[in-house]
Amino acid sequence: FIRRSSVEGKWSSNGLAITNDWLGRGLRPRAITRDLKWGVPVPLPGYESKVFYVWFDACIGYPSITAAYTPEWERWWKNPEQVKLYQFMGKDNVPFHTVVFPSSQIATGEDWTFLHHVSSCEYLNYESGKFSKSRNIGVFGNSARKTGVPADVWRYYLLSSRPETSDTDFTWDNFVSCNNAVLLANIGNLCSRVMKFLDKDTKYAGVIPAADPALIAPGADTADRHFIDDVNKLLAQYIEQMDGVHIKAALTTARDISARGNQYLQFSNMSNALFSDHRAQCDTVMALATNLVYLLSALFYPFMPATAASICRQLNAPLRLLPETFEIDLKPGH
């Protein structure tokens, strides 16, 4: 199972290394009970005072909680031909998902949906030290909420700092810098410039213009066509990274697409002068820039869903499914 699934599912390197270490040392007896007052009781005579160890029980709880939610739970958990199971966790919990639980599934002799991909992380530290809830070192869900900082800002920073291959560090300085230099100066700046230029109270009266076909035609030696081609290269890279569950890299690529949009606006000199003196060029820039903002809503949706939904509302457009190529989806007149 492990040889097949780790290759087909492209397990994270540390997830595979931890699993192979367990197997390399030989499978040894391991206690699966605890002497606690809370937990799932062990249904055997003589074990009345014991409960199952949480990570032995928790994995079994995945299908059982699905069954509690819907009587059609087997469509997910006993459907290996149509369902691929992706699991995300810290590295401490890897063996329970790659060795212990699959062993339980195999032992039943039933046709289960097995683990396809495991995405496991190293440690996220706090200001060069370790998080510790018992010693109140770090920032946790309740205190993060009390800051009043939108959830999407937390999501972006934590995902951009995701310790996929090595430990990373949460620092308040980096958190502030990420918000100011990336979310505001890059993504926010692009969306704001485009929306304001297109606003109902401006020359465009809130209506997307038509791009000049000659400027965006395939093979055209124009800044506009080069922009489209660059975005498509980055978009293909983003899709490949997401398919491979390289979340941090995909987020970086989405940010790079936004940065390329800012570069395009700067190079094109999007301004009132461009509108007055070079209308066809200005219309093309606005058509492409507005559709790039729409594309960004799809790219950032997995990371910042509230922000993506807000972008779509401002564009008066439905949530965008992720396309394979950058196109003019919001047509002239929208």
Side-chain angles (χ1 to χ4, degrees), residues 152 156 159-160 181-198 204 208-244 246-271 274 278 280-305 307-312 314-332 334:
D152 275 13
Y156 182 90
L159 287 166
S160 68
V182 179
L183 294 181
L184 294 179
N186 180 351
I187 303 163
N189 178 65
L190 175 68
C191 294
S192 178
R193 286 189 68 186
V194 173
M195 300 286 195
K196 286 181 178 179
F197 208 81
L198 189 68
Y204 281 107
I208 297 175
D212 185 336
L215 294 176
I216 64 173
D221 187 16
T222 63
D224 314 283
R225 185 65 232 183
H226 296 321
F227 168 66
I228 294 172
D229 293 340
D230 288 348
V231 170
N232 275 322
K233 289 176 184 176
L234 289 169
L235 178 56
Q237 180 176 299
Y238 172 92
I239 293 171
E240 182 180 356
Q241 289 163 339
M242 289 294 278
D243 285 344
H246 302 299
I247 296 172
K248 186 175 179 179
L251 183 54
T252 298
T253 300
R255 184 187 68 201
D256 290 344
I257 292 175
S258 177
R260 183 64 179 89
N262 279 307
Q263 183 187 49
Y264 174 62
L265 295 187
Q266 195 70 20
F267 181 85
S268 302
N269 188 30
M270 187 183 77
S271 61
L274 186 68
H278 305 281
Q281 177 65 61
C282 192
D283 288 356
T284 300
V285 172
M286 281 307 300
L288 291 179
T290 308
N291 275 279
L292 181 74
V293 170
Y294 195 32
L295 172 65
L296 289 173
S297 74
L299 298 181
F300 283 111
Y301 184 83
F303 310 101
M304 300 187 294
T307 300
S310 175
I311 290 172
C312 290
Q314 293 176 68
L315 290 172
N316 193 27
L319 289 174
R320 180 73 174 91
L321 294 177
L322 180 64
E324 293 186 357
T325 57
F326 175 42
E327 307 282 350
I328 296 182
D329 298 304
L330 299 179
K331 304 300 183 183
H334 177 85

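What you are looking at is a predicted structure, and each value in this text was computed from that prediction instead of being measured.
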Exercise for the section: Give a yes-or-no answer on whether the side chains of Gln281 and Ser268 include a donor-acceptor pair shorter than 3.5 Å. Expected result: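 No pair is found: no donor N or O on one side chain lies under 3.5 Å from an acceptor on the other.
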
Problem - Residues Asn232 and Thr325: side-chain donor-acceptor under 3.5 angstrom - result: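 No, Thr325 and Asn232 have no side-chain donor paired with an acceptor closer than 3.5 Å.
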
[atom1]/[X] to [atom2]/[Y] distance, rounded to the nearest 0.5 angstrom?
| X | Y | atom1 | atom2 | result |
| --- | --- | --- | --- | --- |
| Ile328 | Leu295 | CD1 | CG | 12.5 Å |
| Lys331 | Ile208 | NZ | CD1 | 10.5 Å |
| Arg255 | Leu296 | CZ | CG | 13.0 Å |
| Ile187 | Met304 | CD1 | CE | 4.5 Å |

Practice task
Could you check if a side-chain atom of Cys282 sits within less than 4.5 angstrom of a side-chain atom of Phe197, using non-hydrogen atoms only?
Solution key: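 Yes, at least one pair of side-chain atoms sits under 4.5 Å.
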
Handout entry: Test item: Tyr238 and Leu299 side chains (from C-beta on) under 4.5 Å apart, heavy atoms
Key =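 Tyr238 reaches Leu299 side chain to side chain.
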
Exercise for the section: Kindly assign one of parallel, tilted or perpendicular to the pair Phe227 and Tyr264, based on the angle between their ring planes and the thresholds 30° and 60°. Expected result: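 Phe227 and Tyr264: parallel rings.
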
Handout entry: Taking every non-hydrogen atom, the tightest pair across Gln314 and Met195
Key =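 Scanning both residues, the minimum pair turns out to be CB-CE, 3.8 Å.
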
Handout entry: Non-hydrogen atoms of Tyr204 and Pro209 that approach each other most closely
Key =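 Heavy atoms of Tyr204 and Pro209 come nearest at CE2-CG, 3.5 Å.
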
Practice task
Please confirm whether the backbone N or O of Thr284 pairs with a side-chain atom of Asp212, one donor and one acceptor, at under 3.5 Å?
Solution key: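 Not a single qualifying donor-acceptor pair exists.
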
